[in-house]
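To start, the structure under review is shown below, and the notes come after it.
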There are 2 protein chains.
Amino acid sequence: MGASKTHIFSIAENELAQAAKVLAHPARIAILEYISKQENCICTDLVDVIGLAQPTISQHLNEIKKIGLLKGTFEGKNLCYCINREKWEALQQYFNAFFSNINQNCC
Amino acid sequence: MGASKTHIFSIAENELAQAAKVLAHPARIAILEYISKQENCICTDLVDVIGLAQPTISQHLNEIKKIGLLKGTFEGKNLCYCINREKWEALQQYFNAFFSNINQNCC
DNA sequence: TTTATATATCGCAATATTACGATTATATAT
DNA sequence: ATATATAATCGTAATATTGCGATATATAAA
């Protein structure tokens, strides 16, 4: 086969994995870094900043949108989007909670 | 094509993406959760706990090992491994730093 | 040394991701 | 209404991931 057996895992495990998947590409890290550092939400120069073709950037943006990390207008010319702060901070907490759950003292 | 253009991104961006990639599968999240919650480092029952075939578990463990998140003995019978606490906490900080860098107030 | 037990590796098929050229859709300006 | 600029979608090739059966390897016990 080759498809992930998502059904044998918990919702929480799948959700964290899915969020991690969005961060699992340097282009998407770079895009998120860039957008989150902007004062305003004009992001038409992403293609120049990142250095990938326009359809590729569009695809990556779509991955980021799908988990709700961006908000704003997404159609037509002069689109305007920025980080969805609530989702952003929720994810931060989610990752933090995952990493905080550790209790071992062996090896 | 189809291969990631890793060379056009910074080392930090690639490293964070690579770490996220390891977390980007529910099986690996489940494996890490399980190991990190163990008091001792006996993990021979991972196949039963997770519910994937033994070679598949072995593959996932290898992905986790590759970024240094596990330490211990990895060969032969009765292997003994656990979370590499230093790397674990370094990653936690790394993700936290990424999520902390945000300054926008638009949309 | 043989046997039992557990993990690693190989090989392969199914699926997913990545990237981009070509095209289409959308919105603004003229 | 037409032209222009920008983003989304389509189609496709290359590559990567996922999963597991079969097999090899390593350790411990008899």
Side-chain angles (χ1 to χ4, degrees), chain A residues 1-9 13-14 17-31 34-35 40-67 70-82 107, chain B residues 1-9 13-14 17-31 34-35 40-67 70-82 107:
Chain A
M1 295 177 218
S4 295
K5 286 190 165 179
T6 55
H7 61 283
I8 69 172
F9 302 105
E13 285 163 346
N14 277 303
Q18 202 152 11
K21 212 171 196 171
V22 173
L23 304 183
H25 195 289
R28 294 194 286 268
I29 295 288
I31 289 172
Y34 180 77
I35 298 178
N40 302 315
C41 55
I42 303 140
C43 306
T44 58
D45 50 354
L46 263 180
V47 174
D48 299 321
V49 172
I50 305 296
L52 291 170
Q54 179 265 322
T56 308
I57 297 292
S58 194
Q59 242 177 96
H60 282 304
L61 277 173
N62 213 259
E63 298 293 314
I64 300 170
K65 280 180 221 160
K66 275 197 288 188
I67 60 162
L70 295 178
K71 64 175 179 179
T73 315
F74 295 114
E75 295 164 72
K77 190 186 167 186
N78 282 358
L79 91 180
C80 166
Y81 52 87
C82 57
C107 294
Chain B
M1 297 181 212
S4 295
K5 286 190 166 180
T6 55
H7 61 284
I8 69 173
F9 303 104
E13 287 162 347
N14 277 303
Q18 202 152 13
K21 211 170 198 174
V22 172
L23 304 183
H25 194 290
R28 292 193 288 266
I29 295 287
I31 289 171
Y34 181 77
I35 298 178
N40 302 314
C41 54
I42 303 142
C43 306
T44 57
D45 50 354
L46 264 180
V47 173
D48 299 323
V49 172
I50 305 297
L52 292 171
Q54 179 265 320
T56 308
I57 297 292
S58 193
Q59 245 178 99
H60 282 305
L61 277 172
N62 213 260
E63 298 293 313
I64 300 171
K65 280 180 220 162
K66 275 197 287 188
I67 60 162
L70 295 178
K71 65 174 179 178
T73 313
F74 295 113
E75 294 163 72
K77 192 184 167 188
N78 282 359
L79 92 180
C80 165
Y81 53 86
C82 56
C107 291

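Just so you know, these numbers come straight off a predicted model, no measurement behind them. Letters A, B, ... mirror the listed sequences (proteins, then strands); counts begin at 1.
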Subject >> Closest listed nucleotide, where the reference is the side chain of B:P55 and the choices are D:dG19, D:dG21, C:dA19 >> reply: D:dG21
Original post:
Separation of A:I57 atom CD1 from C:dC20 atom P, in whole Å?
Top reply: 9 Å
Original post:
For B:Q54 and B:V47, which heavy atoms make the closest approach, and how far apart are they?
Top reply: CA-CG2, 3.8 Å
Original post:
To the nearest angstrom, how far is A:L61 atom CG from D:dT9 atom P?
Top reply: 11 Å
Subject >> Closest approach of A:I57 to A:L52 (non-hydrogen atoms, all atoms of both residues) >> reply: CG1-O, 3.8 Å
Original post:
A:I8 CD1 to D:dT18 P: how many Å, rounded?
Top reply: 13 Å
Original post:
Roughly how far apart are B:L46 CG and B:Y81 OH, rounded to 0.5 Å?
Top reply: 4.5 Å
Original post:
Rounded to the Å, how far apart are B:K5 NZ and D:dA16 C1'?
Top reply: 17 Å
Original post:
How would you label the contact of A:S58 with the nucleic acid (heavy atoms, under 4.0 Å): base, sugar-phosphate, or nothing?
Top reply: base
**OP:** May I ask you to decide if the ring planes of B:H60 and B:H25 are parallel, tilted or perpendicular, using 30° and 60° as cut-offs?
**Re:** tilted
Original post:
Taking CZ from A:F9 and P from D:dT18, how many angstroms apart are they, rounded to a whole number?
Top reply: 11 Å
Original post:
Where does DNA chain C pair, written as one dot-bracket string 5' to 3', with Watson-Crick or G-U pairs under 3.5 Å, ( ) inside the strand, [ ] for crossing pairs and | for another strand?
Top reply: ||||||||||||||||||||||||||||||
Original post:
Starting at CD1 of A:I35 and ending at P of D:dA7, how long is that distance when rounded to a whole Å?
Top reply: 12 Å
Original post:
Distance check: side-chain N/O of B:T56 vs OP1/OP2 of D:dC20, anything under 4.0 Å?
Top reply: yes
Original post:
Of the nucleotides D:dG19, C:dA19, C:dA22, which has the atom closest to the B:Q59 side chain?
Top reply: D:dG19
Original post:
Say you draw a straight line from NZ of B:K71 to NZ of B:K65; how long is it, rounded to the nearest 0.5 Å?
Top reply: 15.5 Å
Original post:
Within the pair A:K65 and D:dA8, is there a side-chain N or O less than 4.0 Å away from OP1 or OP2?
Top reply: yes
Original post:
Who passes salt bridge (charged side-chain N to carboxylate O under 4.0 Å, His left out) against A:E63, sequence neighbours left out?
Top reply: A:K66
Original post:
Which heavy atom in B:L61 sits nearest to a heavy atom in B:I31, and how many Å separate them?
Top reply: CD2-CG2, 4.0 Å
Subject >> Distance-minimising heavy-atom pair for A:V22 and A:R28 >> reply: O-NE, 2.7 Å
**OP:** For B:L52 and for A:N62, locate the closest nucleotide of DNA chain D by heavy-atom distance; then report the residue assigned to the nucleotide nearer the 5' terminus.
**Re:** A:N62
Subject >> Interface with DNA chain D, restricted to residues 20-31 of chain B and to heavy atoms under 4.0 Å >> reply: B:K21, B:H25, B:R28
Original post:
Which atom names give the shortest non-hydrogen contact between A:I8 and B:G51, and what distance separates them?
Top reply: CD1-O, 3.7 Å
Original post:
A:N14 and B:P26: which non-hydrogen atoms are nearest, and at how many Å?
Top reply: OD1-CG, 3.3 Å
Original post:
Which residue lies toward the 5' end of DNA chain D, A:Q54 or B:E63, if each is placed at its nearest nucleotide?
Top reply: A:Q54
**OP:** May I have the distance from B:K66 (atom NZ) to D:dT17 (atom P), rounded to whole angstrom?
**Re:** 7 Å
Original post:
Starting at NE2 of B:H60 and ending at P of D:dT17, how long is that distance when rounded to a whole Å?
Top reply: 12 Å
